[in-house]
Asker: 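Pasting a structure below so you can have a look.
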Amino acid sequence: MAYDVSVVGLGRVGLPLALSFADRGLAVLGVDNDPQRLATLAAGRMPFGEEGAQEQLDRVLPAGRLALSGRVPEAADAEHIVLTLGTPSFSHIEIDMRDIRSALDDLLGVLRPGHALTLRSTIAPGTTDWVAGYLAKHRGFEIGTEVYVAHAPERIAAGRFLVEIGTLPCIIGGVGESSGEVVGRLFEVFGAPIVQTTPVQAELAKIWTNILRYATFALPNLLMMDCEQHGANVFEVIDLINRDYPRGGIARPGFTAGTCLRKDFTFSEERSAAPGMLLAVSRVNESVPLFLVQGLRRRLGSLSGRKVAVLGLAFKADTDDERDSLSHKLVRLLERELADVPVHDPHVATPTVALEEAVEGADAVVVATNHSEFCTPGTLRTIVDRAASGCLLVDPWNCWGSAQVFAYASEVAALARSS
Ligand SMILES: NC(=O)c1ccc[n+]([C@@H]2O[C@H](COP(=O)([O-])OP(=O)(O)OC[C@H]3O[C@@H](n4cnc5c(N)ncnc54)[C@H](O)[C@@H]3O)[C@@H](O)[C@H]2O)c1
């Protein structure tokens, strides 16, 4: 075959994976049905930020180790086909497998004995067995001895791909006799420990990795809302909980979302034996922007015509990924209050204004994303110097160390002079 591995879906998961396979010396075909993405890559440019990925692209493209195609059937020119397609959730709380199903249908006619199909996308429990059954039903393959199917979930955090691909245990759940072993040999190239399990356990391990994080962050977010109700300070309560306490601790509040956390819980919820618990977790995290808007209203009165600057559109710190970010929800809610809402974020593709312009004369400034450059005395100084007198600073992350979710600029001005 012309390639060692094809990676279908060159998004935030697939592209760093394809580059990393190629950088380890494999002949890789990257497949995506977005012509613009392919053109950007063919021109040697990364379409999004991922630490070290541009350097990998600079190495593997001129060396001819990464070829590109817009046609999914061409993926069959490799022994290994890895699907890294998006798996959103329908609003019905049900996995949307349309991209996976479409790629499978494109591959059905060209799969041959010896092919290994790996699902790298996050999927609902049972999906790997369904894919195996689909191939067996339509092509009559013996899965596990003739054609191989496995789930090898991606658990790497954005921005940490190149480090974690070589260290994070790689979970593999293969169908039938040999799928796990065959797919394990592909991922061995990265040197991380390979952990073999069943397909459904691999699926559960991935989605529950993210459910754990989603629920972990919902607790301090709920506590933040409780504290506001009781006139308490959430950061002081968190310190009381955690200080010298030997049995774990509570995380800190903030905006908790992004394409993974925001939907992966639905893959459990869709067939849950105790439905509702994870939906409640989601409702807590989704309520944080409204909680901040209501807090602003309680302190400033009507927001109509007031200038409320929002810092950060990305879903988390130091990334350019703004998909499923609660910052966008915050902006929408503020605009529904008829506030004027300038936004500043130096990382994202959406055009935003400069920090100075965003905060000039602002009645309030909200830190929606705790980007590193926001959490400095210099940024705080710019705000204190330029915002309206009586400006309210909203910092659920405690990124300036004021230990107050809502504080007036005059109260935190001393922190701006601490450098
Ligand atoms: N983004 C993350 O940090 C992350 C982390 C862990 C797991 N995941 C999971 O990995 C999967 C991929 O996520 P992502 O963020 O990379 O998605 P993405 O939307 O960034 O990438 C998907 C890519 O597939 C392409 N595509 C869609 N349909 C196609 C088709 N039929 N044929 C060829 N290409 C097609 C799109 O153009 C896009 O480039 C999802 O299941 C996600 O839940 C994502």
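These numbers come from the heavy atoms of this one structure, side chains and all, not from hydrogens, waters or symmetry mates. All ligand and atom numbering here is 1-based and tracks the order in the structure. Quick caveat, the model's predicted, so the values are computed rather than measured.
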Asker: Does an N or O from V13, backbone or side chain, lie closer than 3.5 Å to an N or O of ligand 1?
Answerer: yes

Asker: Can you report which non-hydrogen protein atom sits closest to atom 18 (P) of ligand 1, along with the distance?
Answerer: R323 NH1, 3.5 Å

Asker: Run the salt-bridge test on D32 and R37 with the 4.0 Å N-O cut-off and return the result as yes or no.
Answerer: no

Asker: Check step by step if ring pair (Phe, Tyr, Trp, His ring centres under 6.0 Å) holds for F187 and F21.
Answerer: CA-CA 9 Å; F187 281 88; F21 277 134; 5.7 Å; yes

Asker: Examine N33 against ligand 1 and note whether any of their N/O atoms are separated by less than 3.5 Å.
Answerer: yes

Asker: For atom 25 (C) of ligand 1, what is the closest protein heavy atom, and at what distance to 0.1 Å?
Answerer: D32 OD2, 3.2 Å

Asker: Given that the side chain starts at C-beta and the backbone is N, CA, C, O, which of these parts of R155 lies under 4.0 Å from ligand 1, counting heavy atoms, or is it both or neither?
Answerer: neither

Asker: Any atoms of ligand 1 less than 4.0 Å from a non-hydrogen atom of S102? List them with their elements.
Answerer: 31 (N)

Asker: Parallel, tilted or perpendicular, judged at 30° and 60°: which one describes the rings of F265 and Y214?
Answerer: parallel

Asker: Using a 4.0 Å cutoff against the non-hydrogen atoms of D34, which atoms of ligand 1 qualify?
Answerer: 37 (O)

Asker: I'd like to check whether T259 has a polar contact with ligand 1, where a contact means an N/O of the residue lying under 3.5 Å from an N/O of the ligand.
Answerer: no

Asker: Might you work through the side-chain contact (heavy atoms from CB on, under 4.5 Å) test for R65 and V28, ending with a clear yes or no?
Answerer: CA-CA 6 Å; R65 291 204 298 275; V28 181; over 6 Å; no

Asker: Are any of the N/O atoms in R12 less than 3.5 Å from those in ligand 1?
Answerer: yes

Asker: Just distances here: any N/O of T122 and N/O of ligand 1 closer than 3.5 Å?
Answerer: yes

Asker: Does a side chain donor of either E322 or H328 reach within less than 3.5 Å of an acceptor in the other side chain?
Answerer: yes

Asker: Taking 4.0 Å as the limit for heavy-atom contacts, which would you say applies to A103 with ligand 1: side chain only, backbone only, both, or neither?
Answerer: neither

Asker: Quick test of your reading of the structure: of I123, L85, L261, whose heavy atom lies closest to atom 40 (C) of ligand 1?
Answerer: L85

Asker: Please identify which atoms of ligand 1 are closer than 4.0 Å to at least one heavy atom of V72.
Answerer: 32 (N), 33 (C)

Asker: Please report the interatomic distance CZ(R323) to CG(L313), rounded to the nearest 0.5 Å.
Answerer: 14.5 Å

Asker: Does some side-chain heavy atom of V293 sit less than 4.5 Å from a side-chain heavy atom of E337?
Answerer: yes

Asker: Of the side chain and backbone of R160, name the one, both, or neither that has a heavy atom under 4.0 Å from an atom of ligand 1.
Answerer: neither

Asker: Taking atom CD of E177 as the centre, report whether more than 12 heavy atoms of other residues, nucleotides or ligands fall under 6.0 Å from it.
Answerer: no

Asker: Using distance alone, decide if ligand 1 has a nitrogen or oxygen within less than 3.5 Å of any nitrogen or oxygen in T84.
Answerer: no

Asker: Show which atoms of ligand 1 fall inside a sub-4.0 Å distance from at least one heavy-atom site of T87.
Answerer: 40 (C), 41 (O), 43 (O)

Asker: Can you report which non-hydrogen protein atom sits closest to atom 3 (O) of ligand 1, along with the distance?
Answerer: C260 SG, 4.2 Å

Asker: Out of S69, G9, G11, whose heavy atom is nearest to atom 21 (O) of ligand 1?
Answerer: G11

Asker: Which of the numbered atoms in ligand 1 are below 4.0 angstrom from a heavy atom of R37?
Answerer: 39 (O)

Asker: Tell me the contacting part of R120 for ligand 1: side chain, backbone, both, or neither, using a 4.0 Å heavy-atom threshold, strictly below.
Answerer: neither

Asker: Mind checking whether M277 and E269 have side chains closer than 4.5 Å, heavy atoms only?
Answerer: no

Asker: Check whether F217 forms a cation-pi arrangement with R213 (NZ or CZ under 6.0 Å from the six-membered ring centre, at most 45° off the ring normal).
Answerer: no

Asker: Answer yes or no: does an N/O atom from K263 fall short of 3.5 Å to an N/O atom of ligand 1?
Answerer: yes

Asker: Count the heavy atoms belonging to other residues, nucleotides or ligands that lie under 6.0 Å from CD of E373, then report whether that count exceeds 12.
Answerer: yes

Asker: Just one of H151, R155, K206, E154 clears the side chain to side chain contact (heavy atoms under 4.5 Å, CB included) bar with T122, so which one?
Answerer: K206

Asker: Please name the residue in the list L334, L338, L333 that meets the side chain to side chain contact (heavy atoms under 4.5 Å, CB included) test with R336.
Answerer: L333

